[in-house]
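The block underneath contains the structure these notes are about, expressed in structure tokens.
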Amino acid sequence: MTTLAQRIKETPMAPYLGLLRGMTREQKQIVVTFITESMEETKAKRQVPAEFKRLRGMVNVTDEEIAQDEHLAHIMER
């Protein structure tokens, strides 16, 4: 085990070392995946300029039109 991995004893996870050692490889992979995904930065929402906000509600698009145009559907999801 690397020196960095051994430092787990210095973290709040230290009490769970016995539990971790008793886990299967698949269970450990699940935990690693969870930890890795929790470290990913959340995507910041793009800021909409005020001049565009004023335009909201000025256009009427039907659900049928949205269903027929995948690009329009993508835009309307924002």
Side-chain angles (χ1 to χ4, degrees):
M1 199 178 293
T2 66
T3 304
L4 184 59
Q6 290 176 11
R7 290 188 60 198
I8 193 167
K9 296 172 187 169
E10 302 169 14
T11 72
M13 289 292 294
Y16 301 101
L17 288 177
L19 180 63
L20 290 168
R21 287 187 181 115
M23 293 169 59
T24 65
R25 183 174 181 83
E26 181 183 7
Q27 291 169 330
K28 289 178 183 179
Q29 184 62 48
I30 292 168
V31 172
V32 168
T33 302
F34 172 80
I35 292 171
T36 303
E37 289 179 4
S38 72
M39 291 171 45
E40 292 177 0
E41 293 182 29
T42 57
K43 292 183 180 179
K45 285 197 169 191
R46 188 172 48 172
Q47 294 296 320
V48 177
E51 52 270 11
F52 287 122
K53 288 182 181 179
R54 285 183 291 137
L55 298 174
R56 288 183 180 165
M58 294 180 72
V59 176
N60 288 323
V61 181
T62 66
D63 290 336
E64 183 179 310
E65 291 171 319
I66 294 172
Q68 291 175 356
D69 187 337
E70 66 183 63
H71 299 291
L72 181 58
H74 176 74
I75 291 168
M76 296 302 286
E77 287 178 3
R78 293 183 186 176

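Just so we're clear, the structure is a prediction, and the values are computed from it rather than from any experiment.
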Can L4 be reached from M13 by stepping across I, L, V, M, F, W or Y side chains whose heavy atoms are under 4.5 Å apart? no

Closest non-hydrogen atom pair, T11 against R7: CG2-O, 3.7 Å

Is it possible for you to say whether L20 and I35 belong to one hydrophobic cluster, with membership spreading through side-chain heavy-atom contacts below 4.5 Å? yes

Least distance between heavy atoms, P12 atom then P15 atom: O-CD, 3.2 Å

Look up atom CD in Q68 and atom OG1 in T62, then write down how far apart they are to the nearest 0.5 Å. 7.5 Å

same_hphob_cluster(I8, V32) at 4.5 Å side-chain heavy-atom cutoff: no

Applying side chain to side chain contact (heavy atoms under 4.5 Å, CB included) to Q29 and not counting sequence neighbours gives T33

Do the side chains of M39 and V31 join up, straight or via other hydrophobic residues, at under 4.5 Å, putting them in one cluster? yes

Considering residues, nucleotides and ligands other than E64, do more than 12 of their heavy atoms fall under 6.0 Å from its CD? no

Heavy-atom count check: over 12 atoms from other residues, nucleotides or ligands less than 6.0 Å from E70 CD? no

Which atom of R21 lies closest to which atom of K28, heavy atoms considered: O-NZ, 4.3 Å

